[in-house]
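A quick write-up on the structure given underneath.
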Amino acid sequence: DGLFELTEFFVLPNHQSKGIGRALIERAFPVGRGSVRSIIATSDVRAQARYYAAGTVARFPLYTLVGVPTEAAPVHDLTAEPIEGVQAIRAQRQIERSVLGHQRSDIEMEWLMARRQGHLYRRANRVVGFSFLGRDGAGPMAALDPSDLPSILLHVEEAARSIGLDRLELQVPAPNEIAVRHLFTRGFRFDKWINFLMSDRPFGNFDRFVPFSPPLFL
């Protein structure tokens, strides 16, 4: 849908600084692929330099927030329902396109739904957000209005507790102040691991989005 994302780009340490990374990135991450080229990068300065040379810019940090999922009070103003069937998938993808500017491919959606339980959130029969959660991690999540994120995160936390997870790790964009502050009130704390969203142009409304965790892709 126009987003071209590079992920998992590495060169063995004893083969670095020999031009391999430059040659590989020219082939794997060429200019002109998609309306936006992006990567979730580590803080390694050599990697950052390589990605700047490839035309991308660090837009903001992605903080890792970690906590123990605890019992959460029911969310009365939102109702949650499983993402099942064509209509539910279409609603999820419409929200993601509204928030990110892009929607996931059919193949990626099939892969995601095979591994994580998705939920839509409604208020007065209007879909306002979605989330995904599995034993291997959480996300992506999004809300049309950032003020709905605390309610969505409470549902995710309760769902994590109900399936027996004793640790919940979330990747939260730095501009998403509502999610960060809410998670602090729930006992979550910053992990030392920080990533950066890099792209060749600005895109998306990341004050209302929580990407896939672990941070393989948006």
Side-chain angles (χ1 to χ4, degrees), residues 60 62-85 87-104 108-109 112-113 115-191 197 204-218:
F60 48 76
L62 292 169
Y63 293 120
T64 303
L65 280 100
V66 181
V68 177
T70 55
E71 187 174 1
V75 180
H76 297 293
D77 62 333
L78 294 183
T79 58
E81 62 186 58
I83 297 178
E84 296 174 347
Q87 294 298 326
I89 293 172
R90 183 178 295 126
Q92 181 274 332
R93 298 178 81 176
Q94 287 175 344
I95 291 176
E96 194 159 53
R97 199 171 206 286
S98 175
V99 171
L100 279 186
H102 310 91
Q103 65 183 22
R104 296 173 197 276
E108 189 175 356
M109 280 299 300
L112 182 60
M113 292 184 66
R115 287 157 176 78
R116 299 187 177 181
Q117 175 63 63
H119 282 91
L120 291 178
Y121 300 93
R122 293 182 185 270
R123 175 183 291 108
N125 207 38
R126 176 176 178 260
V127 177
V128 298
F130 70 85
S131 72
F132 285 91
L133 173 71
R135 292 190 175 276
D136 63 339
M141 310 172 196
L144 293 175
D145 187 325
S147 64
D148 285 325
L149 283 171
S151 296
I152 292 172
L153 289 166
L154 283 173
H155 177 263
V156 169
E157 188 177 348
E158 176 63 24
R161 189 187 69 86
S162 69
I163 63 174
L165 296 182
D166 57 8
R167 184 177 189 270
L168 183 59
E169 181 178 300
L170 299 168
Q171 299 290 319
V172 184
N176 195 336
E177 57 181 302
I178 289 180
V180 171
R181 292 190 176 117
H182 165 78
L183 290 168
F184 277 150
T185 68
R186 298 291 298 172
F188 285 69
R189 293 294 178 262
F190 283 136
D191 185 84
L197 178 71
N205 298 298
F206 287 92
D207 63 335
R208 60 203 68 193
F209 185 74
V210 176
F212 187 94
S213 180
L216 300 177
F217 48 77
L218 287 177

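Computed from heavy atoms alone, side chains included, the values below leave out hydrogens, waters and symmetry copies.
Between atom CZ of residue R116 and atom CZ of residue F212 there is a gap of 3.5 Å, rounded to the nearest 0.5 Å. D207 contributes atom CG, which lies 8.0 Å from atom CG of L149 (distance to the nearest 0.5 angstrom). In this structure, the separation between CZ on F206 and CG on L100 is 5.0 Å, given to the nearest 0.5 Å. With rounding to the nearest 0.5 angstrom, the CD atom of E71 is 11.0 Å from the OG atom of S162. Here the straight-line distance linking atom OG of S131 with atom CG of L153 works out to 8.5 Å at 0.5 Å rounding. Atom CD of E108 is separated from atom CG of L218 by 9.0 Å, given to the nearest 0.5 angstrom.
Using a 4.5 Å heavy-atom cutoff, the side chains of I152 and F130 are not in contact. For the pair V68/R167, no side-chain contact is recorded, criterion being any heavy-atom separation below 4.5 Å from C-beta on. F188 has its side chain out of reach of H182: every pair of non-hydrogen atoms, C-beta onward, lies at least 4.5 Å apart. Within the 4.5 Å cutoff, the side chain of L133 has heavy atoms near those of the L165 side chain.
Between R181 and E177 there is a salt bridge, since a side-chain N of the basic residue sits under 4.0 Å from a carboxylate O of the acidic one. Remark: E158 engages R161 in a salt bridge, criterion side-chain N to carboxylate O under 4.0 Å. The residues D77 and R123 are annotated as salt-bridged, a charged nitrogen and a carboxylate oxygen being separated by less than 4.0 angstrom.
A side-chain donor-acceptor contact under 3.5 Å links Q87 and R90. Side-chain atoms of T64 and Q171 include a donor-acceptor pair closer than 3.5 Å. Looking at R186 and T70, their side chains do bring a donor and an acceptor atom within 3.5 Å of each other.
In this structure Q117 satisfies the side-chain contact (heavy atoms from CB on, under 4.5 Å) test together with P82, H119, sequence neighbours excluded.
Nearest heavy-atom pair, I95 versus A142, reported as atom, atom and distance to 0.1 Å: CG2-CB, 4.3 Å.
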